[in-house]
S.K.: 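This is the structure I have questions about; it appears just below.
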Amino acid sequence: MYMEITSNKMKKNLKNNPHRIALIIGTRPEIIKMSPIIRECVKRGLDYFIIHSNQHYSEKLDTIFFNELNLPKPKYNLEIGSGRHGEITGKMLIKIEDILLKEGPNIVLVQGDTNTVLSGGLAAKKLNIPVGHIEAGLRSNDQTMPEEINRIVVDHLATFLFCPTPLTQKNLLKENLSKSSVYITGNTVVDALFQNFKIAEKKSLILSTLEIKPLKYILTTVHRQENVDNKKKLVSIVNGLEKLSLKLRLPVILPSHPRFIKMLQQFSIKTGPDIKLIDPVGYLDFLILEKNARIIATDSGGVQEEACVLGTPCITLRENTERPETVTVGANLVAGTNVQSILKSANKILKNKRKWKNPFGKGDAAKKIIDIVTKK
Ligand code: UD1
Ligand code: UDP
């Protein structure tokens with residue numbers, strides 16, 4: 001019965017409006033990386049609506065970005081919050097299915113690799129609604145990461161695969177996905193950065209607020225499940241950062257994801273005075289912190305990309321990366337979480353000149369994606 005309702009609704013929509021687009025987001029990086037797509041929909045006067053799962057809900061991981069990026073309020077907020085993987089994925093699946101049935105979009109766009117992406121993709125596919133996966137084809141080849149599972153599943157159910165780079169396209173072709181569904185568009189992370197960097201330069205007061213000078217600090221973020229939920233790794237990362245700070249004689253500025261703070265407390269790990277833990281900052285402030293850092297040490301996906309685009313050397317506090325393009329161009333090294341390898345990698349990457357190619361596109365990914373979606 002559901003399929004019938006869907007197809008009738010979809011038929012009616014197709015007749016009246018061939019492109020009714022559902023945009024699904026849920027976490028900080030999805031809000032930021034989907035913002036250029038939202039702008040493009042607004043600019044073209046397209047019929048679109050936003051579903052926000054609210055997987056992220058703390059003001060500093062959520063509303064701050066809607067305000068800063070001047071984004072429209074989502075039509076639906078699912079208020080899912082935090083929970084176990086299966087639990088939140090299931091709750092989102094149920095709610096998203098209801099909305100898609102009611103709204104009958106002709107396409108659903110999801111971005112990245114979160115549980116929100118998995119639920120959105122699955123809900124749409126089961127209703128025979130085409131899914132466009134933005135940032136398709138990334139592979140860490142490490143299926144202990146929840147994100148790797150989400151990416152693989154969504155890539156294999158999507159009708160449109162929007163790859164940021166030729167390498168990510170190659171990954172998909174290796175998995176026998178059809179060449180006709182795979183497009184190289186660049187990454188919308190570049191669009192967002194280009195759209196906001198000058199504004200950030202004008203508006204942000206973060207360096208003076210924190211009393212720091214360009215190139216005189218290390219910028220760090222840590223939030224990956226496999227790092228922060230593992231006491232040994234988390235202790236080693238904190239020790240590595242303290243030693244790095246000592247060696248470079250620079251403080252570590254660490255805008256802290258709530259998961260990182262929660263696990264430091266749970267494991268009773270204390271950080272020394274050279275690690276300045278601050279609340280997560282807004283996107284504009286964060287761009288300025290990234291641009292002016294001497295070096296970035298992170299386990300974030302988006303931060304590896306932005307460091308590369310902004311010309312700031314980066315070390316990745318993980319054993320692998322699904323963004324190897326950053327390593328190939330000389331912007332990033334996979335340091336792992338071991339103290340010695342953190343120091344060694346930092347030393348090595350700091351020898352590189354702060355100039356390399358940007359592998360993630362020219363900042364026109366959203367335009368390309370919306371062109372493709374509206375031509376079909
Ligand atoms: C999620 C994504 C990850 C992404 C990250 C972006 C999955 C599997 N993980 O990880 O891919 O890189 O978002 O930041 O989808 N919490 C808050 N406030 C919030 C959200 C979370 O305090 O607004 C705390 C809660 O204690 C929660 C924990 O952070 O249990 C983890 O949140 P969750 O959304 O499960 O995963 P993230 O680590 O944020
Ligand atoms: N970011 C931010 N404030 C912060 C830390 C990060 O605005 O305090 C932005 C950053 O610019 C990037 C995104 O958040 O665009 C990365 O999100 P996160 O590291 O949470 O997720 P991931 O990219 O690893 O999925």
Side-chain angles (χ1 to χ4, degrees), residues 25-36 52-65 67-69 79-89 92 110-120 135 138 140 144-151 153-154 187-193 196-197 200 204 206 219-229 253-266 277-291 293 296 298-310 312 316-318 321-323 360:
I25 53 176
T27 64
R28 167 167 74 183
E30 291 164 84
I31 303 168
I32 294 168
K33 287 175 167 177
M34 198 63 107
S35 69
H52 182 13
S53 71
N54 234 201
Q55 179 178 337
H56 281 179
Y57 47 87
S58 298
E59 201 266 327
K60 287 185 173 156
L61 293 187
D62 176 23
T63 19
I64 189 169
F65 301 107
N67 294 337
E68 270 193 334
L69 296 166
E79 297 184 351
I80 295 296
S82 304
R84 296 184 311 274
H85 287 277
E87 180 190 359
I88 64 168
T89 305
M92 288 192 256
V110 290
Q111 192 288 329
D113 52 23
T114 65
N115 289 336
T116 299
V117 172
L118 177 63
S119 306
E135 207 177 73
L138 278 68
S140 65
T144 61
M145 290 178 77
E147 292 85 358
E148 181 79 350
I149 301 164
N150 296 343
R151 287 181 204 122
V153 173
V154 176
N187 195 315
T188 58
V189 79
V190 182
D191 306 30
L193 192 155
N196 291 287
F197 190 72
S204 173
I206 192 74
L219 178 67
T220 293
T221 70
V222 188
H223 76 278
R224 283 257 97 77
Q225 174 178 298
E226 62 272 22
N227 280 340
V228 299
D229 290 13
I253 304 296
L254 205 161
S256 306
H257 190 292
R259 180 174 201 143
F260 172 72
I261 295 292
K262 182 173 85 175
M263 297 317 289
L264 280 184
Q265 286 166 352
Q266 205 162 307
L277 301 182
I278 58 172
D279 278 351
V281 297
Y283 181 54
L284 301 180
D285 283 342
F286 197 73
L287 286 177
I288 295 302
L289 285 175
E290 285 179 302
K291 176 70 186 172
I296 295 177
T298 188
D299 63 5
S300 156
V303 177
Q304 288 175 65
E305 293 161 349
E306 288 165 353
C308 180
V309 177
L310 288 165
T312 304
T316 295
L317 304 170
R318 290 171 43 193
T321 179
E322 56 292 307
R323 277 108 172 153
F360 296 115

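Because the structure is a prediction, the values reported are computed rather than measured. First listed ligand is number 1; within each ligand, the first listed atom is number 1.
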S.K.: Which atoms of ligand 2 are found less than 4.0 Å from any heavy atom of Pro280?
M.R.: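 Reading through ligand 2 atom by atom, the close ones are 8 (O).
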S.K.: Under 4.0 Å from a heavy atom of Tyr283: give me the atoms of ligand 2 that qualify, with their elements.
M.R.: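 Close to Tyr283: 7 (O), 11 (O).
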S.K.: I want to confirm something. Looking only at heavy atoms, which of His257, His85, Gln55, Glu30 is nearest to atom 33 (P) of ligand 1?
M.R.: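 Going through His257, His85, Gln55, Glu30 one by one, Gln55 has the nearest heavy atom to atom 33 (P) of ligand 1.
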S.K.: What protein heavy atom sits nearest atom 5 (C) of ligand 1, and how far off is it?
M.R.: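 Here the closest protein heavy atom is His223 NE2, 3.6 Å.
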S.K.: Any nitrogen or oxygen of Arg224, main chain or side chain, under 3.5 Å from a nitrogen or oxygen of ligand 2?
M.R.: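 There is such a contact, yes.
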S.K.: Could you grab the distance from atom CD of Gln55 to atom OG1 of Thr114, nearest 0.5 Å is fine?
M.R.: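 One finds 5.0 Å between CD of Gln55 and OG1 of Thr114.
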S.K.: To the nearest 0.5 Å, how far apart are OH in Tyr283 and CD1 in Ile64?
M.R.: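 Answer rounded to 0.5 Å: 13.0 Å.
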S.K.: Using salt bridge (Lys or Arg N to Asp or Glu O under 4.0 Å), reason through Arg151 and Glu135 one step at a time and then give a plain yes or no.
M.R.: CA-CA 9 Å; Arg151 287 181 204 122; Glu135 207 177 73; over 6 Å; no
S.K.: Could you tell me if the side chain of Asp62 sits less than 4.5 Å from the side chain of His52, heavy atoms only?
M.R.: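 The answer is yes, as the side chains (C-beta and beyond) meet within the 4.5 Å cut-off.
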S.K.: Do Asp113 and Asn150 have a side chain donor and acceptor closer than 3.5 Å?
M.R.: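 Result is no, nothing qualifies.
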S.K.: For atom 16 (N) of ligand 1, what is the closest protein heavy atom, and at what distance to 0.1 Å?
M.R.: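 Going atom by atom, the protein heavy atom closest to atom 16 (N) of ligand 1 ends up being Tyr57 OH, 3.5 Å.
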S.K.: Side chain of His223, backbone of His257: donor and acceptor closer than 3.5 Å?
M.R.: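 Not a single qualifying donor-acceptor pair exists.
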S.K.: Have Ser82 and Tyr57 got a donor and an acceptor in their side chains that come within less than 3.5 Å?
M.R.: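 Per modelled atom types, Ser82 and Tyr57 side chains form a pair under 3.5 Å.
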S.K.: At a non-hydrogen distance cut-off of under 4.0 Å, which region of Phe286 contacts ligand 2 (side chain, backbone, both, or neither)?
M.R.: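 The side chain, only.
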S.K.: Within the structure, is a non-hydrogen atom of Leu61 found at a distance of less than 4.0 Å from ligand 1?
M.R.: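 Yes, Leu61 has heavy atoms under 4.0 Å from ligand 1.
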S.K.: Any sub-3.5 Å donor-acceptor pair from Asp299's side-chain atoms to Arg224's backbone N or O?
M.R.: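 Such a contact is found between Asp299 side chain and Arg224 backbone.
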S.K.: If you count the atoms of ligand 2 from 1 in the order shown, which ones are under 4.0 Å from a heavy atom of Gly282?
M.R.: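 In order of number, 7 (O).
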S.K.: Are side-chain heavy atoms of Val153 and Leu118 found at a separation under 4.5 Å?
M.R.: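 Sidechains of Leu118 and Val153: in contact.
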S.K.: Among all protein non-hydrogen atoms, which one is nearest to atom 30 (O) of ligand 1, and what is the separation to 0.1 Å?
M.R.: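 The answer is Lys262 NZ, 3.2 Å.
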S.K.: For the backbone of Lys262 and the side chain of Gln265, can you confirm whether one donor and one acceptor N or O come within less than 3.5 Å of each other?
M.R.: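 Between the backbone of Lys262 and the side chain of Gln265 there is no qualifying donor-acceptor contact (under 3.5 Å).
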S.K.: Write out the residue and atom name of the closest protein heavy atom to atom 7 (O) of ligand 2, then the distance separating them to 0.1 Å.
M.R.: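 Residue, atom and distance for the closest contact: Phe65 CE2, 3.2 Å.
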S.K.: With distance as the sole criterion, is a donor-acceptor pair present between the side chains of His85 and Gln225 under 3.5 Å?
M.R.: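 Yes, side-chain donor-acceptor contact under 3.5 Å.
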S.K.: Could you pull out, from Ile31, Thr27, Ile32, Thr298, the option with a heavy atom nearest to atom 9 (C) of ligand 2?
M.R.: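 The nearest heavy atom belongs to Ile32.
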S.K.: Out of Met263, Arg151, Glu147, Arg259, whose heavy atom sits nearest atom 38 (O) of ligand 1?
M.R.: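 Nearest heavy atom to atom 38 (O) of ligand 1 lies in Arg259.
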S.K.: Can you figure out which of Arg28, Glu306, Lys33, Glu290 has its heavy atom closest to atom 17 (O) of ligand 2?
M.R.: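 Result: the heavy atom closest to atom 17 (O) of ligand 2 is in Arg28.
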S.K.: Any nitrogen or oxygen of Thr116 lying under 3.5 Å from a nitrogen or oxygen in ligand 1? Just yes or no.
M.R.: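 No: no nitrogen or oxygen of Thr116 is under 3.5 Å from one in ligand 1.
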S.K.: Looking only at protein heavy atoms, which one is nearest to atom 18 (N) of ligand 1, and what is the separation?
M.R.: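 Nearest neighbour among protein heavy atoms for atom 18 (N) of ligand 1, to 0.1 Å: Ser58 OG, 2.7 Å.
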S.K.: Sequence neighbours left out, what passes salt bridge (Lys or Arg N to Asp or Glu O under 4.0 Å) with Lys291? Give chain and number order.
M.R.: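 With sequence neighbours excluded, Lys291 shows a salt bridge (Lys or Arg N to Asp or Glu O under 4.0 Å) to no residue whatsoever.
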S.K.: Among Ser300, Gly301, Gly302, Pro255, which one has a heavy atom closest to atom 19 (O) of ligand 2?
M.R.: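 Residue with the shortest heavy-atom distance to the ligand atom: Ser300.
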S.K.: I need the contact type for Pro29 against ligand 1. Using non-hydrogen atoms and a strict under-4.0 Å cut-off, is it side chain, backbone, both or neither?
M.R.: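 Within the 4.0 Å criterion, Pro29 contacts ligand 1 through side-chain atoms alone.
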S.K.: What do we get for Ser82 next to ligand 1 when only non-hydrogen atoms under 4.0 Å count, side chain, backbone, both or neither?
M.R.: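 It is the side chain that touches ligand 1; the backbone stays farther off.
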S.K.: To which protein heavy atom is atom 20 (C) of ligand 1 closest, and what is the distance rounded to 0.1 Å?
M.R.: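 Here the closest protein heavy atom is His56 CD2, 3.4 Å.
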S.K.: Will you find, in the side chains of Glu290 and Thr312, an N or O donor that is under 3.5 Å from an N or O acceptor?
M.R.: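 Judged by distance alone, the side chains do not pair up.
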S.K.: Within the distance-only criterion (no hydrogens, no angle test), does the side chain of Thr321 pair as donor or acceptor with the backbone N or O of Arg323 below 3.5 angstrom?
M.R.: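 Side chain of Thr321 to backbone of Arg323, a donor-acceptor pair under 3.5 Å: yes, one is there.
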S.K.: I need the nearest protein heavy-atom contact for atom 21 (O) of ligand 2: residue, atom name and distance, please.
M.R.: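 Of the protein heavy atoms, Pro29 CG, 3.4 Å lies nearest.
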S.K.: Using a strict 4.0 Å cut-off to heavy atoms of Pro258, name the atoms of ligand 1 that fall inside it.
M.R.: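 Going through ligand 1 atom by atom, the ones under 4.0 Å from Pro258 are 16 (N), 17 (C), 18 (N), 22 (O).
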S.K.: Look at atom 3 (N) of ligand 2 and say which protein heavy atom is nearest, naming residue and atom and giving the distance to 0.1 Å.
M.R.: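 Closest protein heavy atom to atom 3 (N) of ligand 2: Val281 O, 2.7 Å.
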S.K.: Is it the case that Gln304 and Thr298 place a side-chain donor and acceptor less than 3.5 Å from each other?
M.R.: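 The criterion, which ignores hydrogens and geometry beyond distance, is not satisfied for Thr298 and Gln304.
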S.K.: Hey, which atoms in ligand 1 end up nearer than 4.0 Å to a heavy atom of Arg224?
M.R.: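 Contacts of ligand 1 toward Arg224, numbered from 1: 3 (C), 4 (C), 11 (O), 12 (O).
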S.K.: Measure the distances from the heavy atoms of Lys60 to every atom of ligand 2 and state whether one is below 4.0 angstrom.
M.R.: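 Flag not set, Lys60 not near ligand 2.
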